[in-house]
Amino acid sequence: MKLKATAAKGLQTVRSFLADTFRVTGIQFTIAASIMIITIVVMAAVSGILYTKFSQTAENNTFLNNQQIVEQVNYNLDIYLRGMAQTFEMADDQILLNKGVPTASLREHLETILSTREDLVSVGLFTPEGQPIANYPNQAMRSNSGLTGQSWFTSALASPNHLSFSLPHIQNLYKGSYTWVVSMSKGISFTDERGRVDAVLVMDINFKTIDDLFRRVSLGQKGYVYIIDKSAGNIVYHPQQELIYSGLKYENVEQALKYTFGTYKDTSTGEDRLITIQTTDMVGWKIVGVSYMNEIVTAKREIGRFMVWMLPVVLLFVLLISAYMSAKISNPVRRLERSMAKVEQGDFDIQLQVKGDDEVGRLSRRFNIMVGRISQQKEQLIEEQEAKRRSELDVLQSQIHPHFLYNTLNSVVRMASIGKSEEVVQMITALSKFFRISLSKGKHIITVEEELEHIRNYLVIQKFRYKHKFNYVIRADEDVLSYSTLKLLLQPLVENAIYHGIEMMADEGAIEITASLENGQIVFHVRDDGLGIAPQKLSSLLSANAKQEGEGSGVGLQNVDQRIKLYYGNRYGITITSELEEGTDVRIVIPAMISDGEGRLA
Amino acid sequence: MSCKNKNKDSQMGFILFGMYVGLTFMILILASCSRSPELTPDQPKKQIALILRSDSADFWRTARMGAEEAAKEFNVDLRISGPRDEENIDDQVKSLRAYVKEGAEAFVIAANDGKAMSEAVDSMVSDGQTVIAIDTELESPRVRGFIGIDNYEAGRKAGAKLAQLVGNKGKVAVMGFKQGQQNAEQREQGVLDELARHPEITLVTKQYCYTNPNLCDELTRKAIVIHGGIDGVLALNAVSSVGVAQAIVDMGLSGVTKIVTFDTTQEDIELMQEGTIHASIILNPFNIGYLGVKSAVEVLDGKTIPKRFNTETKVIDQENMFWSDNQKLLFPFVR
């Protein structure tokens with residue numbers, strides 16, 4: 001439990017460290033982290049593959065290299081020995097020509113041959129009993145040389161007319177010095193005056209040339225070649241021959257003997273070694289190349305170490321690149337985010353600078369358009385609110401129209417002065433009711449019944465004022481009365497009907513006001529049989545730029561229409577039909593709604 | 001707008017170019033690394049100094065060959081020196097001082113004077129450095145091991161061979177090379193102990209002729225004259241054997257007076273084939289040199305080595321001298 005907490009805390013620390021160090025969160029961190037992880041995985045995989053590949057190649061190269069070197073040594077040895085064999089044949093020919101007699105010309109020939117090849121030590125001709133016939137150069141023989149027992153002598157006798165090469169040995173025939181030589185020998189026969197004579201011809205090659213050839217070969221740092229005799233496995237040459245003879249070193253000759261040529265791995269000496277074998281047919285020697293596997297392993301380890309060293313370098317490189325790239329991607333997004341935060345706080349005057357045509361660029365452009373729309377709509381809303389307020393102000397004004405009040409009171413005074421007290425009472429009563437509803441505690445919404453009552457009072461007053469110049473009728477369906485309506489919708493229309501329709505008439509006019517319920521809508525009609533409205537005037541009456549002209553309440557048709565539309569929406573409003581000399585019919589449509597009693601629509 | 005796009009493309013191009021350059025760089029490093037894996041040595045070479053008793057004698061040249069073979073095998077930086085002759089201890093001490101200064105990690109020393117060299121080692125070589133003695137034993141706590149022949153045992157072998165050659169009876173002489181030298185004394189003791197086991201053999205004289213063949217020649221002649229003929233002479237080193245053989249040949253006693261010697265010179269071998277010298281106790285200097293360096297490497301690698309390692313000796317006579325495995329011992333050089 002504690003461990004878990006510690007681990008969580010550790011993770012937290014690492015994360016905050018990363019965040020602090022690289023100032024990255026969100027997209028940038030995600031991108032950078034993914035690139036890093038991918039890189040690590042890919043690098044690990046690639047390193048693994050390369051390591052395997054390289055070590056395989058290193059191993060194969062060593063195989064091939066060793067094979068080539070050993071082959072080269074074999075080739076050189078072969079060429080060298082062939083040259084020597086040719087020289088031997090020349091000497092052989094000369095001896096046969098002179099029938100073995102050491103004449104002056106033979107001596108001259110053989111000494112010429114000896115002097116041309118400085119690694120030729122001597123030429124000797126012996127009887128099968130080991131008695132010398134001729135020696136070149138002419139040196140005193142040593143006693144106790146045991147030449148008849150030496151391998152070159154016995155093999156020449158065993159297979160006459162066949163050139164055989166001996167193993168390297170110390171030449172002990174002549175006084176002077178002991179030299180390591182390889183002896184070429186052959187049993188020959190020629191005929192002289194005594195008849196057929198058998199003899200052994202031997203030519204000694206200084207082993208130094210061959211020894212140098214082998215000594216110079218190096219396979220890796222520690223590797224070397226050694227030579228064994230094909231038939232018996234005797235060591236012909238080995239750089240550590242003394243150690244092997246005294247048993248301090250071991251060379252697995254038995255296994256090498258099984259191969260004519262090829263490569264195999266050998267562990268018999270306690271170390272992993274790569275053995276490469278070639279056979280020289282001429283002398284029957286096997287050239288055995290030895291190289292140490294741990295040198296190849298060293299090369300492998302070197303590669304491995306290099307990989308380990310390279311990994312952090314690459315990671316650093318990738319870290320920089322990924323930090324740069326992820327910042328390039330996430331910065332515009334973050335800029336966008338900051339702008340949105342500003343919009344969130346109500347600042348709509350932002351325009352992002354759009355760079356490029358990528359996803360973020362397009363997003364920024366859309367964002368700009370969106371912010372533009374929103375601010376446009378906001379302005380529209382403000383405008384509407386203002387219009388509403390204005391119209392309400394107008395209504396308020398019409399509620400307490402001073403001109404109307406003055407006219408009405410004037411009429412009352414006039415009537416009182418002529419003693420029409422009953423009419424005065426009627427007039428004042430109507431006026432009082434009219435104002436009560438007009439004001440109605442500042443509510444905008446009243447019932448249809450109240451609205452109709454209001455208009456009735458208005459008509460009562462107007463009828464007195466206009467000396468009964470018109471009659472009026474108010475009709476309403478029973479069920480429509482309890483619905484709500486905007487206050488003072490009808491008054492401006494009736495006012496219009498009186499001023500524009502009826503006042504100018506010669507005859508008595510009639511005004512009809514109806515309220516009814518049609519398809520869930522309340523429909524009012526204000527009809528008069530007055531002068532009517534000319535068609536061109538009619539069409540402009542409700543348009544926005546219609547001026548309120550002449551007298552009247554100052555609250556025109558347009559105002560009423562606008563109020564309806566503001567409260568109920570554009571579907572509702574006023575339609576006017578009118579014919580000159582016939583009259584005008586104003587139709588008002590509002591939705592049928594019940595008020596909650598507080599003057600607001602439910 | 002198009003201009004802005006171009007700008008961005010060029011930025012992207014720059015990044016790609018950077019990545020390309022980076023990758024190329026890495027691949028180049030990888031390639032160059034893989035091409036020469038064998039050229040880079042795995043570890044620093046060990047610094048080992050070899051001080052030989054002589055820089056010219058065949059014996060020490062062969063030892064040097066063995067040491068060089070080991071140096072190649074064990075990745076050693078081997079520095080070698082040796083004075084002109086085997087008497088010179090001052091030059092050896094000088095060499096040791098120089099090598100200590102050069103910072104060798106190990107010293108393989110064949111001292112011309114065991115006591116003097118032991119003192120030099122004590123005073124110059126620090127605890128962290130390793131000393132391996134070869135051929136001559138050294139008395140110093142710094143010396144971690146000795147490689148050489150068992151001189152007493154070799155002396156006994158020589159004595160036994162001489163006894164066999166003279167038919168276990170008669171008069172014999174011993175020609176030593178230096179008094180007070182440990183190797184010589186041990187050899188001599190071995191010879192004397194062995195001869196003492198043959199009651200019919202009389203040791204008539206024991207002489208020291210140092211490294212002077214002429215002195216040996218003279219002393220041998222004198223002994224033969226004084227004692228009225230001697231059946232066998234035992235020369236305790238190669239140099240003295242030459243003088244002994246010279247005297248025997250000159251007096252016409254070749255083959256009659258048996259000679260047994262230690263080690264061989266080119267002349268000795270010839271004399272052996274001719275039948276003047278009858279046997280020689282052969283050391284294996286190649287192995288001594290090789291094992292000296294190898295032991296030093298093992299000590300540096302933290303392995304424990306035996307305090308003493310005896311290399312083998314071989315008795316060579318006319319019969320076996322040209323056997324193929326003896327040829328390499330008698331004739332270490334291909335020339």
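Labels below follow one simple rule: chain letters A, B, ... track the order of the sequence lines, proteins then strands, and each chain is numbered from 1. Scope of the values below: all heavy atoms of this structure, side chains included, with no hydrogens, waters or symmetry mates.
Contact of B:Leu330 with chain A is not made at all, since no heavy-atom distance falls under 4.5 Å. Heavy-atom distances place both the backbone and the side chain of A:Ser145 under 4.5 Å from chain B. In this structure, the portions of A:Ile170 lying under 4.5 Å from any heavy atom of chain B include both its backbone and its side chain. In this structure, chain A has no heavy atom under 4.5 Å from any part of B:Phe74. Residue contact with chain B, scored on non-hydrogen atoms closer than 4.5 Å, involves the backbone and the side chain of A:Asn172 alike.
Using non-hydrogen atoms only and a strict 4.5 Å limit, no part of residues 226-237 of chain A faces chain B.
In terms of non-hydrogen atom pairs under 4.5 Å with chain B, the most contact-rich of A:Asp212, A:Leu243, A:Asp211 is A:Leu243. Comparing A:Leu248, A:Thr179, A:Val318 by how many heavy-atom pairs each has under 4.5 Å with chain B, the most go to A:Leu248. Residue with the most contacts toward chain A among B:Met321, B:Gln318, B:Glu312, B:Glu274: B:Glu274 (heavy-atom pairs, distance under 4.5 Å). In terms of heavy-atom pairs under 4.5 angstrom with chain A, the leader among B:Thr311, B:Asn287, B:Asp325, B:Thr62 is B:Asn287.
Proximity of B:Phe322 to A:Gln150: side-chain heavy atoms (C-beta onward) are nowhere separated by under 4.5 Å.
Taking a cutoff of 4.0 Å between a charged side-chain nitrogen and a carboxylate oxygen, B:Glu73 and A:Lys249 qualify as a salt bridge.
Shown here for A:Pro168 and B:Gln327, the closest heavy-atom pair between the two residues is O-OE1, 4.3 Å.
One distance of note links CG of A:Leu173 with CD of B:Gln273; it measures 8.5 Å at 0.5 Å rounding.
Residue A:Gln67 qualifies as enclosed at atom CD: its count of foreign heavy atoms under 6.0 Å is above 12.
In this model, no donor atom of one side chain and acceptor atom of the other lie less than 3.5 Å apart for A:Glu242 and B:Tyr290.
In this structure, B:Phe331 and A:Tyr178 have tilted ring planes: the angle between them lies in the 30° to 60° band.
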In sequence, state the C-alpha distance, the side-chain angles, and the governing distance for B:Lys72 and A:Gln240, and then conclude on side-chain contact (heavy atoms from CB on, under 4.5 Å).
CA-CA 11 Å; B:Lys72 184 187 172 200; A:Gln240 301 177 345; over 6 Å; no

